[in-house]
Every structure is written in structure tokens, then in C-alpha cells.
Amino acid sequence: MFPDLRTFLDQLRRDRDLVEITAPVDPVLEAAEIHRRVIAAGGPALLFTNIKGAAFPLATNLFGTPRRAELAFGKRPLEFIKRVVHLAETVLPPTPAKLWGARDVGLELLKVGTKRLATGPVREVVTSDVRLDQLPVITCWPDDGGPFVTLPLVYTEHPEKPGHPPSRGSGGASNLGMYRMQVYDQRSTGMHWQIGKGGGFHYGRAEARNQALPVTVFLGGPPALILSAIAPLPENVPELMLASLIAGERLPQVAGPNGHPHPLIASAEFALMGQVAPRLRRPEGPFGDHYGYYSLQHDYPVFDVRQIAHRKDAIYPATVVGKPRQEDFFIGDLLQELLSPLFPLVMPAVEQLWSYGETGYHSLAAAVVKQRYKREAMASAFRILGEGQLSLTKFVLLTDRPVDLKDFRATLEHVLARTDPRTDLYVFSNLSMDTLDYTGPVVNEGSKGVWLGLGDPVRDLPRAFAPPVPPPSDVTAVRVFCGGCLVVGTRSFADDPQAPRRVAAHPAFAGWPLVVVSDEPERATRSDMNFLWTTFTRFEPAADIHSAAQQVVRNHIAYEPPVVIDARMKPWYPAEVTCRPDVASKVSERWHEYFPGGKVQMGDSERGHLD
């Protein structure tokens, strides 16, 4: 495994999977557009050595292909987790022979944790002359509120006295999370602690005591830190433990300088040290995020940076998020593969679980569950929706029969062939929702849906649109996405908010279990990825699910098919992210300067991987 960022970069250089850009590049929009075009073409990692106004080089697209993501984190962690799960299922009741057979796991666990060193590379330079403007912090999208630190590893500790066990729901003893940071000036940034985040829990406890919360932000270090920082771990499981497990060794730390209370990751490139004061907020955003739209401006806590430690030749890492697939997609899917063996151990009735990165992960998940008695599947649904970060999932598809969940089209057909929407579709209103999902009535609030497709098929799915009567005259297009699912074009929501109800009641669509009303039916049916993105990021279950008829049966809403999802853009939704035309032209014109000899292909950043 790689002990630090530069070791990983050295390996990429040997593999000819890293390209240095020596031409001058503007950190405002230009660097991000270069990154997006390279990742759209499946290109190499990038090292910008001449970022205008910056004192350090910039590394991006580190994990932007499946190969690089797997290289960074390795196969060993997955094999180890599978081994632990196997032991959990077989070692009880323990016998001497079983315990001896498990000695390999015990030896591996002895390597997990941290170790303290007298000094380390991160402390080669320590200064209280904080100049965040010297870092190559990038502005990614035209309407972003400013430059953002996009790969920060934010470390906090519970504010109560050492040794005092943190109370339930208070975020655990320590937290390492990735929370974007808008740079306001030379010494301060925003701290985007969304709901349900461990660092935010720590800050809430400190603020209740009217105390500032000490914060350390690491940039770079072992790649394992990045994976552990975004992992949806239980609150009381330290992320540094997972990072150590992935790295296969104890993480080296050094003491924080000048009385800073946190130890520093010895091999990090940078450590920003300071505090977040209680009851201080500043507007943060907008920011083009991983849903493919802008998250809007809201007030967030402020990180006051008091000192910086860094290597003498430090390298600043960054990423760019936006419409799928971006770099975070490859990390997210690898993380799901890594943690998937644990799901049946933590949730015994859940045999398989997959969240779809094309929807921003929290918008849609699917699961194969056990159905040992009638409606047991709903117990699994509640368990999924009550488990850590999975609790932010907006919509869940469930079945009890084998299906490849990564094949979304096959999964949707599998559910539609088995479902009875009158009894199998549940909508739960007035719940929390992912901060970055703006389909709800207000930020952080919305609804959830669960759709069951259990047992044997109950219908043959239609695969061609041959209506008994013509569709309504205001329907602009009808396209088949998959068996049982149509995508229908109508006028915009602003011009005709009631269109989905008329579609649901019209006999032309009878016999189709699911109809999606879309502003872009051609785009939505072009690929699975397009369908996932244009559908599940643009509807809220409680507001946008319609059907041919509805009736209340035992306080449950029974939906008479077809079920119609209104996935049109609503007037209050944030805008889709797109590159500014002059920046796009500039990058096209300068491509040969960035990559002399045409050694890197230029992809289409507007389409990305969607098509």
C-alpha cells in the first residue's frame, strides 16, 4: 500500500498514468475544465506545476478510473473484510482449533491503529503566517461562491473531557470526514457540516457548551485516509482505524505544534490547524456538487485557521464534482464493494445492497432481502433507512429474488414484473433528506419511498408502445426505457404542473406499471446512467408520485397503476452545472499547450459519461 500521496504519484508516473502540465493554468475554472475533459475520456491523473498565483503544485484526477482507484486502495482490505465476516459466521462457538485457524486475523488486527513518531514530513514547515491564497485552491463552476477545498480530511474530537464516553448521537470520540471548505480569505473558510455528519455532531456539542471546537484539516497523506473519510461507518467506529486497516499498518502521527491539541498525520502534505467558533456563521456556496446541480447558498460555521504545517515540497490534492461520472463515482463504487460483505453481518436480512452513484448515491438504493414471512421485506427497508448514512436514502427498490443490482435496467424490470403498487409502494412524508437534494419543500426536509417487487412475476412487461388509443395531444414524445417503463415528454412543470395526473389517467398508458414524465425523454432513455440521473435527482416521492387512481386502505395509500413519476425540473430547483462558454473555448484552444504532442485525449465534459 501507499504510505503517502507522492508514493502513489510515483507509481502512476511509472505506469505512465500521470501527466504533468507545465503550462500556466488559472485555478479559476480553467483547471477544473481541463480535469473534466480528461476524466470524460478516461485519461490520466494530472499534476499542474504552474498554477497562477500559487506556491504549490496541484494534483487532480487521482482516482478517476477503476484501475487507479483499485491501485490506490488495493485488494487486501476487501479480502480481509471477507475473512472477518466469515469468521463472525463460523467461529462461534469457539474451539481451540477455530481460534488457531483465525490467528491470521489476529495478527492483522495487531497492525491496526496509530503510532506516535518524534517528527514527520508534515512538520518540515510550520507557520502561523497563514496564507490560504498561496494554495492552488480551485473554483470549479461559474456560479460557485468562490474557491473550494475539495479533498479536505477534517479531523475533530468530541469536546467533552478525555476518557468521558460520548453520549449516543454525539458523533463518537473522533471523526475524520470530508466536508467541502469555501475559502473566504487568507485565514478562514466555511465548514460544510451537513446533517448526519460526525464533525457536525462534535461542533453541536461544543457549541452547546459555548466552546470553540479545535479542527485539523489534512490534505494528502495515505490514500486510505480519503476512503475512510467518506466511508459510512457507525458513529463510534473511528475512521482512522479503517484507514489503518486499508493501509495494512499503523498510521504514523506526530504531535501538533505550538500546543495544538490534535496529533498530525505524519505523512500528510498539509495540516491546517485552528478552530470553529460557536454561534458564528457565514454564507457558504453556491457550489456545483456531485448531484450535477448547484447546491445553494446557506449559512455554515467558519473555520479560523491559526497555523499551517506542510512538507517543504508539498503537493495540493483536489477533485472536481459534477454530473456523473466524476472522480467521486469511482471512489464511491469501490467503497461499496469494500463494505458490501459487512451488510449481511450488520443487517442480517439484507443479502445485497447497492446505491447508485449516478443519482448522487443518496437518491436511490436497491436491495435483495430475505422474505421468510409475509412483508418481512419492509423490516429490511426500515433497517436500511435507519442505518447511518443510508438513512439519507430517498428511494429504495426491494426484492427477495436474486438479481444483479449493478444492472439497473435488469433490477427495475425485476421489480416491475413482481410489484402490486396498491400494496407494495410506500411513501413516507415529513422526513429528513440529504442536504444537497433540493427536491424537497425546504433544505434538509422531504420524503422517502420504498417499492417492493417480491416473489414470482405477476405480469409480462410490455416492451413496445402500441397504445389502444392515441396519447394526449400535449404529450410531445413517448419512449421505452425498459420493459414496463415509459418515459413521456410533456410541457414544462411551470407551464403545466398537472400533466402527470392526466398521463396517469389516460388509457394510452394502461398496462405500463411505471411512466416517467420528463423534460428530456430522448436524453433520459439514451442510457441507464441518463435515466438514473434525470429521474431520481429530479423528483421527491411525496410531491411527485401520481397514479391512475388512489384510495386510502387502512391508512395506506393504494396506488392504481400506472405509477407516474414527475421528473421534470421544477422552478425552484438549482440549475444544472455547465462550463462557461469562454472557458470552454479557452481550454479547447490551449489543449496542445497543456498536452504537447497530443498525448492526452480531450473528452466531452458536458456529456461526460452520461451518454
Side-chain angles (χ1 to χ4, degrees), residues 145 169-171 177 179-180 190-205 207-208 232 235 279 281-301 321 355-356 359-365 378 381-397 425-451 493-494 497 500 533-546 550 555-557 559 563 565-576:
S170 61
Y179 316 114
R180 75 188 193 215
M191 187 58 71
H192 194 265
W193 278 321
Q194 302 163 229
I195 60 170
K197 305 298 185 181
F201 291 145
H202 287 169
Y203 177 64
R205 294 303 292 263
E207 192 170 48
E235 281 184 24
R279 299 179 180 84
R281 304 290 191 275
R282 282 186 64 173
E284 188 266 7
F287 177 72
D289 67 43
H290 70 282
Y291 277 84
Y293 313 92
Y294 286 97
S295 57
L296 301 181
Q297 187 177 85
H298 303 282
D299 289 344
Y300 276 91
V321 293
S355 297
Y356 295 89
T359 72
Y361 290 105
H362 287 320
S363 290
L364 178 67
M378 281 305 294
F382 292 136
R383 184 64 188 269
I384 292 169
L385 293 176
E387 187 66 37
Q389 294 297 309
L390 287 171
S391 66
L392 297 175
T393 303
K394 181 168 66 176
F395 204 83
V396 183
L397 300 172
L425 178 58
Y426 297 81
V427 175
F428 306 101
S429 302
N430 305 312
L431 300 176
S432 61
M433 195 155 70
D434 184 21
T435 301
L436 304 180
D437 189 329
Y438 284 87
T439 60
V442 296
V443 67
N444 293 330
E445 296 181 19
S447 57
K448 302 185 186 300
V450 175
W451 201 346
F493 179 91
W533 184 65
T534 61
T535 299
F536 290 94
T537 64
R538 299 181 181 181
F539 94 98
E540 188 225 343
D544 296 320
I545 288 180
H546 308 272
Q550 299 178 13
N555 283 323
H556 169 77
I557 298 177
Y559 298 89
V563 172
I565 291 176
D566 184 0
R568 296 174 296 175
M569 291 290 285
K570 314 304 189 294
W572 59 90
Y573 286 5
E576 179 181 328

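The basis for the numbers below is simple: all heavy atoms, side chains too, and nothing from hydrogens, waters or symmetry mates.
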Counting C-beta onward and ignoring hydrogens, is there a side-chain heavy-atom pair between Ser295 and Val443 closer than 4.5 Å?
no
Nearest heavy-atom neighbours spanning Met569 and Phe493:
O-CB, 3.7 Å
Worked check of side chain to side chain contact (heavy atoms under 4.5 Å, CB included) between Phe395 and Trp451
CA-CA 8 Å; Phe395 204 83; Trp451 201 346; 4.1 Å; yes
Would you say Asp437 and Ser363 make side-chain contact, with heavy atoms under 4.5 Å?
yes
Does the side chain of Gln194 come within less than 4.5 Å of Asp434's, by heavy atoms?
yes
Between Ser432 and Asn444: side-chain donor-acceptor atoms closer than 3.5 Å:
no
Between Trp533 and the options Tyr293, Tyr291, Tyr361, the ring pair (Phe, Tyr, Trp, His ring centres under 6.0 Å) test singles out Tyr293
Side-chain heavy atoms of Gln389 within contact of His362, under 4.5 Å:
yes
So, Glu207 side chain and Arg279 main chain: donor-acceptor pair closer than 3.5 Å or not?
yes
Residue pair Pro541 / Lys394: nearest heavy atoms and the distance that separates them
CD-CG, 3.8 Å
To the nearest 0.5 Å, tell me how far Arg281 CZ sits from Met191 CE.
12.0 Å
Using modelled atom types and a 3.5 Å cut-off, is there a donor and acceptor pairing between side-chain atoms of Glu284 and backbone atoms of His298?
no
Gly288 versus Val321, closest heavy-atom pair with distance:
O-CG2, 3.4 Å
Measure from the side-chain N and O atoms of Thr537 to the backbone N and O of Thr534, and report whether any donor-acceptor pair falls under 3.5 Å.
no
Output for pair (Ile195 CD1, Thr435 OG1), nearest 0.5 Å, gives 4.5 Å
Heavy-atom distance under 4.5 Å between the side chains of Leu425 and Ile545, does that happen here?
yes
List the steps, then state whether side chain to side chain contact (heavy atoms under 4.5 Å, CB included) holds for His192 with Leu436.
CA-CA 11 Å; His192 194 265; Leu436 304 180; 3.9 Å; yes
Taking only residues at least two apart or on different chains, which pairs with a member in residues 534-546 satisfy salt bridge (Lys or Arg N to Asp or Glu O under 4.0 Å)?
Glu520-Arg538, Arg538-Glu576, Asp544-Lys570
Rounded distance (nearest 0.5 Å) linking atom NE2 of His556 with atom CD of Gln550:
10.0 Å
Closest contact, heavy atoms only, Pro301 versus Tyr203
CG-CE2, 3.5 Å
Could you check whether any side-chain heavy atom of Leu385 comes within less than 4.5 Å of a side-chain heavy atom of Val450, counting everything from C-beta outward?
yes
Heavy-atom closest pair, residues Leu364 and Thr393:
C-CG2, 4.4 Å
Taking all heavy atoms of Tyr300 and all of Trp193, pick out the closest pair and write down the distance.
CE2-O, 3.5 Å
Within a strict 4.5 Å, meaning less than it, do heavy atoms of the Thr439 and Tyr573 side chains meet?
yes
